[in-house]
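Proteins come first, then strands; the chains are lettered A, B, ... in the order of their sequence lines, and each starts at number 1. Quick caveat: nothing in here was measured; it's all calculated off a predicted structure.
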There are 2 protein chains.
Amino acid sequence: MTEQRRVIARVLSEADDHPDVEEVYRRASAHDAGISLATVYRAMRMFEDAGIVERIDVGDGRAHYEEARGDQHHHLIDVETGSVAEFTSADVDAILQRIARDLGYSLVGTRLALFGVRRDKPAEER
Amino acid sequence: MTEQRRVIARVLSEADDHPDVEEVYRRASAHDAGISLATVYRAMRMFEDAGIVERIDVGDGRAHYEEARGDQHHHLIDVETGSVAEFTSADVDAILQRIARDLGYSLVGTRLALFGVRRDKPAEER
DNA sequence: TTAAATGCAAAGCATTTGCCGTCGC
DNA sequence: GCGACGGCAAATGCTTTGCATTTAA
């Protein structure tokens, strides 16, 4: 509704990565200096509650965000660069569902993150 | 080596749940009042670095710990009670390994937690 | 006009750390 | 005796919040 919110929303929809709050703040500031960090935090929470963005935990102690899409996807974090790749797997989802059921639970959420290092490619880098 | 460390170690080996630092502190204090929270934090970090305990994230913002066992197991957290169940699945582990490989990575770590609610049993509770 | 949103600075949490006294070996 | 360890309180990093002011509708 407000200008700041609009800017933050734009920043989020333009992002194709997984920025943390500080980074969203940085990008929003570029569009409109004068947005405060507190406002970004408040907006992120609001967007999250509204189901517009999803919080992801990449293991660095800060909350990162991505636009909420319909699909249930997971993340693979490059432990050397911090970059985040995404993947989906109906197999994994199905097995997890079954495991929860077997344990007597209805699955209401899944947090899955893989951490990996790039496999050496033939003969290029390093 | 020191008394405090011994007490904390005992608390950890006696625990069959997944206490957070505050809880370890509470239990250690029962054995020996006069242990400080900072000491517990330092001990936990040391035990973790030594591979004696493992830190697990149950989603409440605090670090919880469990004794390190050899097996690669995962957790299912009851969102209503906060209790943690454990499970292992060679299937899941294998698929995740393959997924990482397919994405060009060597898997160096996995963080998997399921969140669920107890399924209504026939006609008992509630 | 009036509730909702913002900025700023202060507060909150979990966790870490500097400093100095103490304890184990 | 000396280096590792523990206690305390201050510091840290991320996030939230109280309050007075501004803004959207």
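- Across all non-hydrogen atoms, the minimal contact from A:R101 to B:R119 is O-NH1, 3.0 Å.
- Across all strands shown, B:R5 has heavy atoms under 4.0 Å from sugar-phosphate atoms exclusively, and none from any base.
- Residue A:Y41 places at least one side-chain N or O under 4.0 Å from the OP1 or OP2 atom of D:dT15.
- For B:H64 and C:dC13, the NE2 to C1' distance is 13 Å, given to the nearest whole Å.
- Counting non-hydrogen atoms under 4.0 angstrom, A:R45 reaches the backbone sugars and phosphates but no base.
- B:R6 has no side-chain polar atom (N or O) that falls below the 4.0 Å cut-off from OP1 or OP2 of D:dC5.
- Of the residues near DNA chain C, B:A38 and B:D60, the one whose nearest nucleotide (by heavy atom distance) lies more toward the 5' end is B:D60.
- Between the P atom of D:dT15 and the OH atom of A:Y25 lies a distance of 15 Å, rounded to the nearest Å.
- In the set D:dC14, C:dT15, C:dG24, the nucleotide with an atom closest to the side chain of A:R62 is D:dC14.
- Note: CG (B:D20) to P (C:dC13) measures 15 Å, nearest angstrom.
- Between B:T39 and the phosphate of D:dG7, there is a side-chain N or O to OP1/OP2 separation shorter than 4.0 Å.
- A donor-acceptor distance shorter than 3.5 angstrom exists from the side chain of B:D20 to the backbone of B:E22, with no hydrogens or angles considered.
- Atom CD of B:E48 and atom C1' of C:dA14 are 15 Å apart (whole Å).
- Atom P of nucleotide D:dC14 and atom CZ of A:R42 are separated by 19 Å, given to the nearest angstrom.
- Note: OH (A:Y65) to P (D:dC14) measures 13 Å, nearest angstrom.
- In this structure, B:M44 atom CE and C:dT16 atom C1' are separated by 15 Å, rounded to whole Å.
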Can B:R45 and B:D49 be said to form a salt bridge (Lys or Arg N to Asp or Glu O under 4.0 Å), step by step? CA-CA 6 Å; B:R45 178 126 69 106; B:D49 291 345; 5.1 Å; no

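- Summary of the strand contacts: A:M1 and B:M1 both lie near DNA chain C, and taking for each the nucleotide with the nearest heavy atom, the more 5' one is attributed to A:M1.
- When the side-chain nitrogen and oxygen atoms of B:S36 are compared with OP1 and OP2 of D:dC8, none of them lie within a distance under 4.0 Å.
- A cation-pi arrangement is present between B:R118 and A:Y105 under the rule of less than 6.0 angstrom and at most 45 degrees off the ring axis.
- Between D:dG7 and B:Q4, a contact under 4.0 Å exists linking OP1 or OP2 to a side-chain N or O.
- Between B:H75 and B:H18, the ring planes lie perpendicular to each other; the angle is over 60°, past the 30° to 60° tilted range.
- The interatomic distance linking A:L37 (CG) with C:dA10 (P) rounds to 16 Å, in whole Å.
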